[in-house]
Trainee: 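My structure is below; once you've seen it, I'll send some questions.
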Amino acid sequence: DGVEEAFFTTDRVMTVSFHKYGDFFFPGTGDVKDVGIRAGKYYSVNVPLRDGVNDDAYQRLFKPVMEEVMNLYRPSALVLQCGAD
């Protein structure tokens, strides 16, 4: 996705993406192995979702992932971008 790609090589921004993945879903990016490169390695987190995920399942994934990201990265600012790109 465009946001992840924009910051894929830097450690100045950590991107975390929860998204549908697989089965030829556009744009075909966002594998759990897509973790960034060079200085940005491990500053990209992808959480692929299957069809049919409900609110409870999403929350059970979202909360622990984001708590760990917040504890490790300790950002000074957060930006939430919801499917605009």
Trainee: Is the shortest heavy-atom distance from the side chain of Ser17 to the side chain of Val45 under 4.5 Å?
Mentor: no

Trainee: For the residue pair Lys41 and Phe8, establish whether any side-chain heavy-atom pair is separated by less than 4.5 Å.
Mentor: no

Trainee: Does one hydrophobic cluster hold both Tyr42 and Met14, with members joined at side-chain heavy-atom distances below 4.5 Å?
Mentor: no

Trainee: Does any non-hydrogen side-chain atom of Leu78 lie less than 4.5 Å from one of Met70?
Mentor: yes

Trainee: Whether the Glu4 and Ser44 side chains hold a donor-acceptor pair (N or O, under 3.5 Å, no angle test) is what I'd like checked.
Mentor: yes

Trainee: Quick check: closest heavy atoms across Thr10 and Arg12, and the distance to 0.1 Å?
Mentor: OG1-N, 3.0 Å

Trainee: Grouping I, L, V, M, F, W and Y whenever their side-chain heavy atoms are under 4.5 Å apart, do Met66 and Val47 come out in a common cluster?
Mentor: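 Result: yes, single cluster for both.
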
Trainee: Do other residues, nucleotides or ligands put more than 12 heavy atoms under 6.0 Å from Tyr58 OH?
Mentor: yes

Trainee: Is the side chain of His19 donor-acceptor paired with the backbone N or O of Leu49 at a distance under 3.5 Å, no angle test?
Mentor: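 Here the side-chain-to-backbone pair does not exist.
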
Trainee: Are there more than 12 heavy atoms of other residues, nucleotides or ligands under 6.0 Å from atom CG of Asn54?
Mentor: yes

Trainee: Which residue in the set Asp34, Thr15, Val35, Asp31 passes side chain to side chain contact (heavy atoms under 4.5 Å, CB included) when paired with Asn46?
Mentor: Asp34

Trainee: Please assess Val65 against Phe18 for the test side-chain contact (heavy atoms from CB on, under 4.5 Å), listing each intermediate value before the final yes or no.
Mentor: CA-CA 10 Å; Val65 169; Phe18 294 81; 3.8 Å; yes

Trainee: Please check: side-chain N/O of Asp11 versus main-chain N/O of Gly40, any donor-acceptor pairing under 3.5 Å?
Mentor: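 No; zero donor-acceptor contacts below 3.5 Å.
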
Trainee: Between Tyr73 and Tyr43, is the ring centre distance below 6.0 Å?
Mentor: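 Tyr73 vs Tyr43: aromatic centres under 6.0 Å.
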
